[in-house]
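What you see is a predicted model, and the numbers here were worked out from it, not measured in a lab. The figures that follow rest on heavy atoms only: side chains count, while hydrogens, waters and symmetry mates do not. Counting from 1, the numbers follow the sequence of the chain as shown.
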Amino acid sequence: MQKYSIIFLFVTLFPLFGSAQGCLSYFDYSKDDVSSAILCPEAMKADIEQLHEHILETHPNPTLYCGVEAFVNGYKQALAACSTEKTMMQFIQIVNAYLSVMKDSHTNLNARDFLYLGPKDRAVLPFFTVKIDNKFYLEGIYKNELPIGSELLFIDHISMDSLFELSKRLSFTEGNALQARDEIAQRMMGASYNLIHRAALTDKALIKLVNLNGDTVEFQAKYVKSKTYLRDRSGEKERPIRYVIDQQNRCILTIESFDPYSLKKFKKHIDACFKEIQEKHVQELYIDLRDNLGGMLRAQEYVLSYLNTKEEAIQMNYLYKRSRYDRFALLPFYQEWQFEQRAERVYPNGLISQEYDFYKSPLGTTRTILYDYIPQNKLNFIYTGKCYLLTNGFSMSASVLFAGWFKYMNRGKIIGTPCMGSVCGTFGNSAPYSLNHSHIHLSVSTLKFTPKNKSKIELNPIQPDQEIWISRQQLIDHKDPVFDFLKIDVKK
């Protein structure tokens, strides 16, 4: 009887410290493996409850795209899925399934993070795939000599179809941008493989593929340290803004990101591009926002200032929710002090006074503020020639707002694949957050951007006027499918 009393006392006092089967209440990235570590049900349920409460406290409108019933059911299903022990990898999928119900691309987790949060000597096999006509082809592989364009069949007896389905469960979408989600999933398949397959550096991955000659062969690929791959990738980054004017007097402006280290330098590069456009009387401008994940609205609006032929004001409704994670709460001390001083000097006049009223409101307050102004540029120049916008599934956030304006203003044709969002704007200004037990790192939106001209919610993504997908031959020949279609000799 004394023995059972001790066991009961232990379980009562320490319900979240693991069970007899060895489940974990706290995941440790430095020593626990994502694919094999088992989490305790109580710990997972506590994390789901914590996440649900956090979303209700910080997200401006979690039911906007999905409805209240679907949101509540998603929460209940997540709790129910945690009734038994799960691996960390399974729990990550449970969390993401719950987040995905909201169809908010800024409320998500990045599965790749889990590869690099742990030991830097973790063995990984970085590779990238693209799906063409329901087959998966090699787009790139690190430190292994394999022909680009080979059809991948299996990696260590794991089929490409199963990796793709797993990657979709780890991806996200804005509204019903499912094609964009699938583009993300294709590029994430390598990460998915490394998450579920733990290897040693001395191991070899067995890749079964169909080579360019049509022969089915097997190849032993070597693993590398994750820190080695990250170091090399960090040195590959190109300038966020670059442009070229070809012999046909066409300008191709590539903007990799609207999130520059310096907005001043960003504007300087944009000014340089449009100054040359003005001097050379460029007749066609191609703005490439493919793989542009977004960033600062002020950056994308500065580019729009050069395209705004009708000189119309940009009118954007910002839906805020006051919380400890909103844009005002996260201001550094000195910037917060500056904001208060500026607002108090002009109060109650001006837009800043509306922001100040929201800033002073209680936690949980939601408020919509209209930002209405005509963007200006240093050159006082507006390009009036033909304009084309290039997008793909990785054109997100501020890039979606750019594409929405571009389409609404009928500024030109959109070419490529559907972007991650609709003409009704996007969520944004996501704030990082971590769950207490699993230590899953994720982000939750704190703002919703909606153009004033859109009173109804549209979930379908912005469709290109000319949809272009890569072919296998273009992949083999290292040709950019959009530039190949446009007969522009620029390598993406």
From CA spacing to verdict: salt bridge (Lys or Arg N to Asp or Glu O under 4.0 Å), R122, D33: CA-CA 10 Å; R122 179 187 176 116; D33 179 54; 3.5 Å; yes
Candidate pair Y65 and E174, rule side-chain hydrogen bond (donor to acceptor under 3.5 Å, both in side chains), full reasoning: CA-CA 9 Å; Y65 290 162; E174 182 81 21; 3.0 Å; yes
Stepwise side-chain contact (heavy atoms from CB on, under 4.5 Å) test for L39 and T87: CA-CA 6 Å; L39 297 180; T87 65; over 6 Å; no
Should Q179 and T417 be marked as a side-chain contact (heavy atoms from CB on, under 4.5 Å) after you check the CA-CA gap, both sets of side-chain angles, and the distance that decides it? CA-CA 8 Å; Q179 287 175 300; T417 60; over 6 Å; no
For a salt bridge (Lys or Arg N to Asp or Glu O under 4.0 Å) check, start with the C-alpha distance between D161 and K135, then their side-chain angles and the critical distance, and finish with the verdict. CA-CA 9 Å; D161 284 327; K135 294 181 179 180; over 6 Å; no
Is there a ring-ring contact (aromatic ring centres under 6.0 Å, His included) between F114 and H441 once you walk through the steps? CA-CA 9 Å; F114 301 104; H441 296 260; 7.5 Å; no
For a side-chain contact (heavy atoms from CB on, under 4.5 Å) check, start with the C-alpha distance between M396 and F172, then their side-chain angles and the critical distance, and finish with the verdict. CA-CA 11 Å; M396 305 179 191; F172 53 83; 3.9 Å; yes
Could you go through the ring-ring contact (aromatic ring centres under 6.0 Å, His included) check for Y142 and F127 one step at a time? CA-CA 6 Å; Y142 180 74; F127 67 92; over 10 Å; no
Run the side-chain hydrogen bond (donor to acceptor under 3.5 Å, both in side chains) check on D477 and Q473 step by step: do they pass? CA-CA 6 Å; D477 296 338; Q473 194 58 52; 3.1 Å; yes
I'd like to know whether I55 forms a side-chain contact (heavy atoms from CB on, under 4.5 Å) with L99, so could you lay out the CA-CA distance, the side-chain angles of the two residues, the decisive distance to 0.1 Å, and finally the verdict. CA-CA 10 Å; I55 290 171; L99 297 178; 4.0 Å; yes
Name every donor-acceptor pair, under 3.5 Å, that has one atom in a side chain of residues 208-220 and the other anywhere in the protein, sequence neighbours excluded.
{"residue": "N211", "atom": "OD1", "partner": "N213", "partner atom": "N", "Å": "2.9"}
{"residue": "N211", "atom": "OD1", "partner": "G214", "partner atom": "N", "Å": "3.1"}
{"residue": "N211", "atom": "OD1", "partner": "D215", "partner atom": "N", "Å": "2.9"}

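Counting non-hydrogen atoms of neighbouring residues, nucleotides and ligands closer than 6.0 angstrom, the NZ atom of K225 reaches no more than 12 such neighbours. Open room surrounds NZ on K479; 12 or fewer heavy atoms of other groups in view lie less than 6.0 Å from it. The 12-atom threshold is exceeded at CZ of R198, counting heavy atoms of other residues, nucleotides or ligands nearer than 6.0 Å.
In this structure, a donor-acceptor pair under 3.5 Å is present between the side chains of S167 and S192. Side-chain contact annotation: D104 with S445, donor-acceptor N/O pair under 3.5 Å present. Residues S30 and D28 bring a donor and an acceptor atom of their side chains to less than 3.5 Å of each other. Looking only at atom types and distance, the side chain of H106 has no donor-acceptor partner in the side chain of S443 under 3.5 Å away. Using modelled atom types and a 3.5 Å distance limit, the side chains of Y286 and E284 yield a donor-acceptor pair. A donor-acceptor contact under 3.5 angstrom links the side chains of D271 and Y306, judged on distance only. Between N429 and T446, the side chains place a donor N or O and an acceptor N or O closer than 3.5 Å (distance only, hydrogens not considered). Side-chain contact check for Q466 and Y388: no donor-acceptor pair (N or O, by modelled atom type) lies under 3.5 Å.
Under a cutoff of 6.0 Å and an axis angle of 45°, K86 and F91 do not form a cation-pi pair. Because its NZ or CZ atom is not both nearer than 6.0 Å to the ring centre of F394 and within 45° of the ring axis, R290 does not count as a cation-pi partner of that residue.
Annotation: F27 is not in aromatic contact with H439 [ring centroid separation under 6.0 Å not met]. The aromatic ring centres of H52 and F71 sit less than 6.0 Å apart.
In this structure, cysteines C23 and C40 have SG atoms closer than 2.5 angstrom.
Within the 4.5 Å cutoff, the side chain of V482 has heavy atoms near those of the L486 side chain. For the pair Q186/F128, no side-chain contact is recorded, criterion being any heavy-atom separation below 4.5 Å from C-beta on. In this structure the side chain of Y433 reaches within 4.5 angstrom of the side chain of L435, judged on heavy atoms. Proximity of C82 to I94: side-chain heavy atoms (C-beta onward) are separated by under 4.5 Å at one or more points. Under the 4.5 Å side-chain criterion, counting only non-hydrogen atoms from C-beta, W405 is not in contact with V423. Put simply, the side chain of L263 reaches to within 4.5 Å of the side chain of R298, judged on heavy atoms. Residues L64 and K448 form a side-chain contact, since some pair of their non-hydrogen atoms from C-beta on lies under 4.5 Å apart. Taking the side chain as every heavy atom from C-beta outward, R112 and L117 never approach each other to under 4.5 Å.
Taken to the nearest 0.5 Å, the CZ atom of F406 stands 15.0 Å off from the CG atom of L401. We find the CG-CZ distance between L319 and F427 to be 7.5 Å, quoted to the nearest 0.5 Å. Once rounded to the nearest 0.5 Å, the distance linking CG of N377 with CG of L304 reads 11.0 Å.
In this structure, D326 contributes its side chain and S323 its backbone to a donor-acceptor pair below 3.5 Å. For the pair D484 (side chain) and Q474 (backbone), a donor-acceptor distance under 3.5 Å is absent. Side chain of T63 to main chain of C66: no donor-acceptor pair is present (N/O by atom type, distance under 3.5 Å, no hydrogens or angles). Listed for the T228 side chain is no donor-acceptor partner under 3.5 Å among the backbone atoms of V224. Of the possible donor and acceptor atoms, none in the side chain of T173 sits under 3.5 Å from a partner among the backbone N and O of N176.
Across all their heavy atoms, L79 and I48 have their closest contact at CD2-CG2, 3.7 Å. For N249 against K280, the heavy-atom pair with the smallest separation is ND2-O, 3.1 Å. The two residues Q463 and K407 come nearest to each other via the heavy atoms O-NZ, 3.5 Å. The heavy-atom pair separating L195 from A111 by the smallest distance is CD1-O, 3.7 Å. Scanning all heavy atoms of the two residues, the minimum distance from M88 to Y29 falls at CE-OH, 3.8 Å. Between N460 and S422, the shortest heavy-atom distance links the atoms O-CB, 3.0 Å.
Relative orientation of the Y193 and H197 rings is parallel, given thresholds of 30° and 60° on the angle between their planes. Using cut-offs of 30° and 60° for the angle between ring planes, the F449 and Y318 rings count as perpendicular. Between F164 and F136, the angle of the ring planes lies from 30° to 60°, which puts this pair in the tilted group.
Ion pairing between a basic and an acidic side chain is recognised when a charged N comes within 4.0 Å of a carboxylate O; E42 and K45 show no such pairing. A salt bridge is absent between R242 and D288; no separation between the charged side-chain nitrogens and carboxylate oxygens falls under 4.0 Å. With salt bridges taken as basic N to acidic carboxylate O contacts below 4.0 Å, one links D246 and R250.
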